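All remarks here apply to the structure that follows.
For clarity, every value in this text was computed on a predicted model and none was experimentally measured. Letters A, B, ... mirror the listed sequences (proteins, then strands); counts begin at 1. For the numbers below, each heavy atom of this structure counts, side chains included, while hydrogens, waters and symmetry mates do not.
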Amino acid sequence: METVVSADQFIFTERVVDLNKLFKQNNISAIHLGGDTELYQSRKDADIYLPTIFFSLSLISENPTIVSISLNVLSSYISDFLKGSFGRKTAHVDFYIETKEKGRMKKLSYKGDAEGLKELDKIIKAFK
Amino acid sequence: MKVFLENPNFLINEFNEMAAIAQRKAYITVGIEIQKEEIETLKNYRDELNELKKEFVKRNLENEANLVYCINNSLLAVQYELQMLVNIKEDKMAEAWGNLVNAQVSYGTVVRNYPSEFQAPDGYMERLASYEKLLFPNLYFQSVGGVIRKSRCSICGESFSKCDHIKGKLYMGELCCHIITEMDLEEGSFVENPANKHCRVLTIKSAGKTIDILTLREQCTTDNSTLPKVRVMNKC
């Protein structure tokens, strides 16, 4: 869904529930667009579909380590998830990064394994 | 590092011995009566482990209870493996596949939770993966997608989005599952790597005949549908 007209139309991937808990454990405050929801999209295949993650300019500027910490949380989550399974499995996640140019954002789509996520730190910071 | 109030080495040594004995019997050449006897031995030992876990839970010893879960489920995986071999000898191929998947799922929860201080049994997951390739034909799987409307946590019973428990982790010797109680089905897809390998195509239709994918035997059916039949089982 590209656009929504009301908050109850936000449906997130079910992975957002686990990630929220892990972010909380790591003292990262993640806010849901549209507020709390009980509706989640579930796909029962072996790939992992993570929620779209937005890094605001002020967040990256005020807390430079937040990107790497968040990516480590995501990476550990995927590694844990893939432990004890076999076959080709891929994580899918989109990042939106607010830039210094007012009103402009850049999108980074990632499709790959857990280790590759950690490498995105510098790329995301370079986008701002 | 996790602190263990009870010395876990005795339990781990006993597990290693049990697992080694059982795995020596997990070959297709071993007598079916010997394998069936070993399955009973494992069941009985696992009953004892369940009692031990209850004791640990009563005494609020979470690490110990979680270790017992891991040992219990490792042996359960071997039990399923033996049952799969028995099923094959008894020409029950669908059951054999089901038990192989059960073994993989049981052991998967161990690999994700085994305490890092102890070395998890090495190479067993690969052994279970090898069975898939060597003993079974290429299978076709399905995956469902939809919108979860209501769900709860298997540990605390609360809404899964409200509690702090993480799916797939152990809490006081119990695996945390996301129990979906209400869901709108949106799609079913054919996938190569499903989340649930129980959800597979059972039969295909060819020249008016319904053929079992595993045995290639013709099935007697009154169903006129030309669609492949798919088995779906719940999984947390």
Side-chain angles (χ1 to χ4, degrees), chain A residues 1 4 7-51 73-74 76-92 111-114, chain B residues 73 77 104-114 120 124-126 128-130 132-133 141-153 159-169 176 178 180 182-199 232 234-235:
Chain A
M1 191 184 290
V4 295
D8 61 358
Q9 288 181 316
F10 283 105
I11 301 175
F12 295 93
T13 164
E14 63 177 323
R15 305 278 169 215
V16 83
V17 181
D18 296 325
L19 283 174
N20 268 345
K21 294 174 186 183
L22 291 170
F23 282 141
K24 197 172 148 190
Q25 280 178 8
N26 286 275
N27 299 317
I28 298 170
S29 169
I31 300 166
H32 264 168
L33 195 61
D36 272 354
T37 176
E38 286 291 310
L39 301 180
Y40 298 102
Q41 187 78 39
S42 172
R43 284 189 194 173
K44 293 289 175 199
D45 73 2
D47 279 2
I48 312 173
Y49 296 89
L50 299 170
V73 171
L74 290 175
S76 303
Y77 174 68
I78 296 164
S79 294
D80 268 3
F81 182 81
L82 296 182
K83 265 188 209 164
S85 65
F86 32 76
R88 187 178 47 79
K89 294 175 181 71
T90 308
H92 306 249
K111 191 175 166 185
D113 61 12
Chain B
N73 270 263
Q104 292 173 347
V105 172
S106 298
Y107 198 66
T109 66
V110 175
V111 173
R112 283 190 282 273
N113 285 286
Y114 207 77
Y124 188 58
M125 211 63 201
E126 287 73 20
L128 295 176
S130 303
E132 257 192 71
K133 302 280 175 226
F141 301 99
Q142 277 214 316
S143 148
V144 294
V147 176
I148 299 169
R149 296 204 161 270
K150 279 184 188 163
S151 62
R152 61 185 167 82
C153 170
S159 163
F160 201 65
S161 58
K162 299 284 185 279
C163 72
D164 288 331
H165 299 113
I166 310 278
K167 185 169 78 172
K169 294 287 172 194
C176 175
H178 184 189
I180 299 167
E182 202 179 309
M183 178 169 159
D184 294 340
L185 186 65
E186 283 188 329
E187 46 100 13
S189 327
F190 283 98
V191 293
E192 193 183 340
N193 286 312
N196 179 2
K197 286 183 180 169
H198 284 298
C199 186
V232 184
N234 289 331
K235 176 179 172 279

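Contacts between B/E182 and chain A at a heavy-atom distance below 4.5 Å are absent for every atom of the residue. With a 4.5 Å cut-off on non-hydrogen atoms, A/D18 touches chain B through its backbone and its side chain both.
Applying the salt bridge (charged side-chain N to carboxylate O under 4.0 Å, His left out) test to B/K169 and every residue at least two apart in sequence or in another chain returns A/D80. Under the rule for a salt bridge (charged side-chain N to carboxylate O under 4.0 Å, His left out), A/K111 has no partner lying at least two apart in sequence or in another chain.
The candidate with the highest count of non-hydrogen atom pairs below 4.5 Å against chain A, out of B/E187, B/E186, B/K150, is B/E186.
Rounded to the nearest 0.5 Å, atoms CD (A/Q41) and CE (B/M183) are 8.0 Å apart. A distance of 7.5 Å separates OH of A/Y40 from OG of B/S151, quoted to the nearest 0.5 Å. To the nearest 0.5 Å, atoms OG (A/S42) and CG (B/L185) are separated by 10.0 Å. Put simply, CD on A/E14 and CD1 on B/I180 are 5.5 Å apart, with the number rounded to the nearest 0.5 Å.
Counting all heavy atoms, side chain and backbone alike, B/I166 lies closest to A/K21 at CD1-CB, 3.5 Å.
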